[in-house]
Each structure stands twice: as structure tokens, then as C-alpha cells.
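In what follows, a single structure is set out as C-alpha cells and then discussed.
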Amino acid sequence: MTRLQRWADRTEVPLIVVALVFLGAYAVPIVRPDLPRTVVAWCEAIVTVTWILFGVDYLVRVLLADHRWRFVRSNLFDLAVLVLPLLRPLRLLRLLALLSVLNRSTADNLRGKVVVYATGGALLLLICAGLAITDEERLAPDSTITSFGDGLWWAITTMTTVGYGDRYPVTTTGRVIAAALMVGGIALLGVVTATLASWMVQQVAEATEADQTVTKAHIDQLAARIEDLQGEIRRLAPPPPATTGAPAGPDHPGAAPASG
């Protein structure tokens with residue numbers, strides 16, 4: 001096990017905790033905008049601290065990697081999630097850090113990753129979209145999304161492609177969030193459908209393989225039984241009659257002369 005793998009194993013659970021704290025600190029001022037300024041300041045400080053921890057984790061992983069530039073090229077998503085939100089218009093991309101942590105914490109097998117992405121990713125996408133759209137639309141003129149409940153309802157109807165139209169974004173950033181949610185919702189639907197189809201194909205293949213194994217075992221048993229019966233038949237069959245020599249003929253020595 002490499003140093004990078006050991007670091008990833010040791011920091012997996014702490015990073016999950018940090019990600020949940022980050023999400024909570026980000027969500028509280030949005031869900032409860034009437035909180036005292038002191039509480040809001042504490043939440044902003046927690047978001048900043050957790051963001052620094054994400055950055056420290058990324059920097060340590062770069063330093064521990066055997067091939068650092070290759071590691072950076074292979075983890076451009078993590079780097080973008082850390083750097084781009086430093087620009088205020090892109091600060092909502094901080095929520096993608098949760099997806100990055102989720103990716104590192106999934107099962108080792110492919111289907112385990114797909115299942116975790118399909119379930120955890122769907123919930124995370126709904127919550128983050130609801131928070132983001134509420135944060136952007138709440139104070140906009142003529143906005144129809146003025147609370148987290150409105151934002152969450154809008155996220156559900158948008159992600160499921162229902163689209164009642166009673167809630168909709170009016171700002172440019174809100175429409176960008178809506179477009180990302182639409183694409184993400186369709187992608188997750190495709191992942192769920194593909195996972196279900198893969199599971200069904202596997203179940204049919206396993207059942208067919210089990211049937212084939214049982215059938216082969218029965219054929220082997222029948223072949224062995226037939227071989228035993230053939231041996232029993234050979235044992236019980238009467239022996240062939242023994243020959244006593246060739247019969248005497250006219251040309252055989254000792255034969256009686258023919259009468260004239």
C-alpha cells in the first residue's frame with residue numbers, strides 16, 4: 001500500500017464528517033435567514049475552515065503521490081472544485097466538494113460506486129440545488145422562490161422533469177443552476193435505469209448458470225449410472241460356448257471312407 005493510499009484510508013471518515021459539517025454550515029443561513037448576525041458569521045467561518053481542510057487534503061495528496069503531475073492531471077475535478085469557487089460568481093461550486101468526498105468513500109466495486117452515486121448523488125443534488133436556488137433567488141425582484149421549501153419543491157419538480165411552473169428562477173445564476181439540475185437529473189435517471197438493467201441481467205445470468213450446473217451434474221450422474229449398468233450386464237451375461245475343435249470332413253485325416 002502506497003503512502004497516498006494510506007492517507008486516503010486514514011482521512012476517509014474525517015473528510016465525510018467535515019463534508020457534512022460544511023453542508024450544515026452552508027445550509028443554516030439559507031434555511032433560516034432570520035438568524036442573528038453572529039450565528040451567520042460563525043457559519044461562514046465554519047465554511048471557510050472546512051474549505052481550507054479540503055485544500056490541505058488535496059495538497060497532502062499531491063505531495064504523497066509518486067507522480068505528482070500525473071496525479072494533478074488525473075484529479076482536475078478536485079482542483080477545479082477548490083479553485084473556481086474562490087471567484088464569487090462561482091461560489092456555489094463549493095457544494096461539488098461533497099460529491100468529490102463521496103467519490104472517494106464509495107465501494108471498491110463498480111456496481112457499488114454506481115449504487116452510491118445513484119442514491120446519495122440524487123439526494124445531494126436535490127438538497128444542494130434547493131439551497132443554491134434559494135440563496136440566489138430569495139431577494140430577486142419578482143422571484144417565486146423565497147424560502148428553502150420553495151427551492152426544494154422547485155428542485156424536486158425540475159429533477160423529475162415534472163415542471164409544474166409554479167416556481168421558476170428569474171436570475172441568470174438561477175437559470176444556470178436549473179440547467180445543471182436538469183442535466184444532472186437526466187443523467188441520474190439514466191444511471192438508475194442502467195443499474196437496474198445490469199442487475200436484472202446479472203440475476204438472469206446467475207440463474208441460467210445455476211441451471212446449467214445442475215443439468216451438467218444430472219448428466220454426469222446419468223452417465224455414471226449407465227456405465228454401472230453396462231458393467232452389471234456384462235457380469236451377468238452367460239459366457240460364450242467353448243469350441244472343442246474342427247469337425248471331421250472328407251479330407252480330414254481319420255475320416256471314414258465314403259461308401260461306394
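No hydrogens, no waters, no symmetry mates; every other heavy atom, side chains included, goes into these values.
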*How close do L63 and R68 get, heavy atom to heavy atom, and via which atoms?*
O-NH2, 3.4 Å
*Return the minimal non-hydrogen interatomic distance between P14 and R10, and the atom names on each side.*
CD-O, 3.5 Å
Show which side-chain atoms of residues 33-44 pair as donor or acceptor with protein atoms under 3.5 Å away, not counting sequence neighbours.
{"residue": "D34", "atom": "OD1", "partner": "R32", "partner atom": "NE", "Å": "3.2"}

_Reported CD1-to-CG distance for the pair I30 and D135, which is rounded to 0.5 angstrom_ = 4.0 Å
*For the side chain to side chain contact (heavy atoms under 4.5 Å, CB included) test, which of E137, E136, R138 pairs with S143?*
E137
*Looking only at heavy atoms, which two atoms of P29 and A25 are closest? And how far apart?*
CD-O, 3.1 Å
_Approximate separation, where rounding is to 0.5 Å, of R61 CZ and D57 CG_ = 4.5 Å
*Can you get from I156 to L131 by hopping between Ile, Leu, Val, Met, Phe, Trp and Tyr side chains that sit under 4.5 Å apart?*
yes
*Out of curiosity, I133 CD1 to R167 CZ, how far, rounded to the nearest 0.5 Å?*
12.5 Å
_Test of understanding: with side chain to side chain donor-acceptor pair (under 3.5 Å), list the residues that count as partners of D142, not counting sequence neighbours._
none
*Identify the two heavy atoms, one from T171 and one from A140, that lie closest to each other, and give their separation to 0.1 Å.*
CG2-CB, 3.5 Å
*Using the rule that two of Ile, Leu, Val, Met, Phe, Trp, Tyr join whenever any of their side-chain heavy atoms come within less than 4.5 Å, decide whether V176 and M182 are in one cluster.*
no
*Between atom OG1 of T50 and atom CG of L20, what is the distance when rounded to the nearest 0.5 Å?*
11.0 Å
*asked:* Grouping I, L, V, M, F, W and Y whenever their side-chain heavy atoms are under 4.5 Å apart, do I127 and L181 come out in a common cluster?
replied: yes
*Working to the nearest 0.5 Å, report the span between CG of L139 and OG1 of T134.*
11.0 Å
*Strictly under 6.0 Å, is that where the ring centroids of Y164 and W153 end up?*
yes
*Checking T157 side chain against W154 main chain: does a donor-acceptor pair fall under 3.5 Å?*
yes
_Quick check: is I177 connected to Y168 through a chain of hydrophobic side chains (ILVMFWY, heavy atoms under 4.5 Å apart)?_
no
*Do the side chains of T144 and D166 get nearer than 4.5 Å, heavy atoms only?*
no
*Would you please name every residue forming a side chain to side chain donor-acceptor pair (under 3.5 Å) with S147, sequence neighbours left out?*
D150
*Quick one: closest heavy-atom pair of A129 and A155, and the distance?*
CB-CB, 4.1 Å
*Taking the six-membered ring for Trp, are F71 and Y58 parallel (under 30°), tilted (30 to 60°) or perpendicular (over 60°)?*
tilted
*Would V28 and L124 show up in the same hydrophobic cluster when neighbours are defined by side-chain heavy atoms closer than 4.5 Å?*
no
*Any idea which heavy atoms bring Y26 and V47 closest together, and the distance?*
N-CG2, 3.8 Å
*Can you list the steps and then say if F22 with I46 is a side-chain contact (heavy atoms from CB on, under 4.5 Å)?*
CA-CA 7 Å; F22 167 78; I46 292 174; over 6 Å; no
*From CG (L126) to CE (M159), nearest 0.5 Å*: 4.5 Å
